[in-house]
Amino acid sequence: MTPEKITRPQFPKNFIWGVATSSFQIEGAHDADGKGPSVWDSFCEINGKIADGSNGHVACEHYLRWQEDVDLIAGLGVNAYRFSISWPRVQPDGQGDWNEAGFAFYDRLINALKAKGIEVHLTLNHWDLPQALQDQGGWAKREVCEHFTRYATEVARRFGSRLDSICTHNEPWVIAILGYEQGIFAPGIKSRAQAMAAVHHLLLSHGMALQAMRGLGLKTAMGIVLNLSPIYPASDDPKDIAKAKLDDGLILRHYMDALMFGKYPTDVIEHLGADAPPVVSGDMATIAQPLDFVGVNYYTRNFSSSGNPWDVASTGNLVTDMGWEVYPQGLTELLCRLHQDYQPRLLLVTENGAAFKDQLVDGVVNDTARLDYVRDHIAATHAALQQGVPVGAYFAWSLMDNFEWASGYAKRFGLVHVDFETQKRTLKNSALWYQKFLSEK
Ligand code: IFM
């Protein structure tokens, strides 16, 4: 079937259709009503770390405009919204008192979504760790696991019965590798040993939090979200083939093997040598809690080369404003592979989208490339379903243009355009297409 022919009725009736955001990227109000600073607030203050020198102080003003944004979400016709709680908004230092004003904000938001019949898919950690915990070593220190578990349990105790799913961490690879090894994301550390410790503590805290939250007797679906891509060797040179296998180990198997089988892959551990994660007896069993779902954030495929850097232009495919190749088949391949190798109960496409250089002209954003991208990836999701893969959701990234981390506000991923001067929201043509697609019965 050609992607152009994809329609909503081809999907199961209970399929979840959503849009996604995260707290730091949209909320603003960085110090309002008792919120504490997060690692990203601190990182933005370091000269040269954010491409346009911006920060999250205002972002999309979602903290003020949440009612308008709930209407916007409902107006799209989606049946689900995925967002995250800012940990330092509800517990300013990550270990002390709760901030009731912070919890009240999310309480109102959840109630407003529910009142409109929109499912609530909540992420506990989409990167904005309280700075006070970073001051003690952050994810590289084992103590953070206890603090995260206490935070997760409190959120679940207050909101759990109204939530359709809880995700512990969004993209642990990004937090650990970009944040603690490459230093290009918060907290800006450059140490492979710390990065591997961070990976381990993210996974361990995930397992501990799941145990504790399930101890509350909740029926809410619980899982984790990973950034995953198929990885191909750049050539048939055996060195490239070996590099692709190792990279797949470092990015996919290290997480999936730990979560699903309770072990880290031997080839990856051997490769890491002295930087291997600090595993204590019993940790791996804690990590491998049964998962109600694995969330997949898919944007592109990757190539590994042992020699010259691989050039994305060599694919001949369209490349997004992030420099990422548009490759919808990669999503089908990835979902099929996860199903075949790991058999998770349920896979959710928790993020998928593209940044392009949009132009708002006379109230219209004619973002054909994004429209095609979303449509073709929905079709790719359908192709996996047809091959028997249990996929339950598609969430477009993102509801609206927002703070794209180290790229600042220059990279626009939204289905909805945001004018950052006036905060006016305008549905792009991709949003209008999604709305029409969702209205098909
Ligand atoms: O904006 C991010 C999001 O926060 C996590 N996944 C990838 C997106 C695009 O880079």
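In what follows, every heavy atom counts, from backbone to side chain, and hydrogens, waters and symmetry copies are set aside. When a ligand or atom number is given, it counts from 1 through the structure's own listing order.
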Which residues pass the side-chain hydrogen bond (donor to acceptor under 3.5 Å, both in side chains) test with Tyr151, sequence neighbours left out? none
Under the rule for side-chain hydrogen bond (donor to acceptor under 3.5 Å, both in side chains), what residues qualify as partners of Gln194, not counting sequence neighbours? none
Indicate whether the side chain of Glu171 and that of Asn297 have a donor and an acceptor atom separated by less than 3.5 Å. yes
Glu119 versus His121, side-chain donor and acceptor atoms under 3.5 Å: yes
Ligand 1: which residues have a non-hydrogen atom closer than 4.0 Å? Gln25, His126, Trp127, Asn170, Glu171, Tyr299, Trp324, Glu351, Trp397, Glu404, Trp405, Phe413
Determine whether the aromatic ring centres of Phe148 and Trp87 lie less than 6.0 Å apart. yes
Sequence neighbours left out, what pairs pass ring-ring contact (aromatic ring centres under 6.0 Å, His included) with at least one residue falling in residues 311-341? Tyr299-Trp324
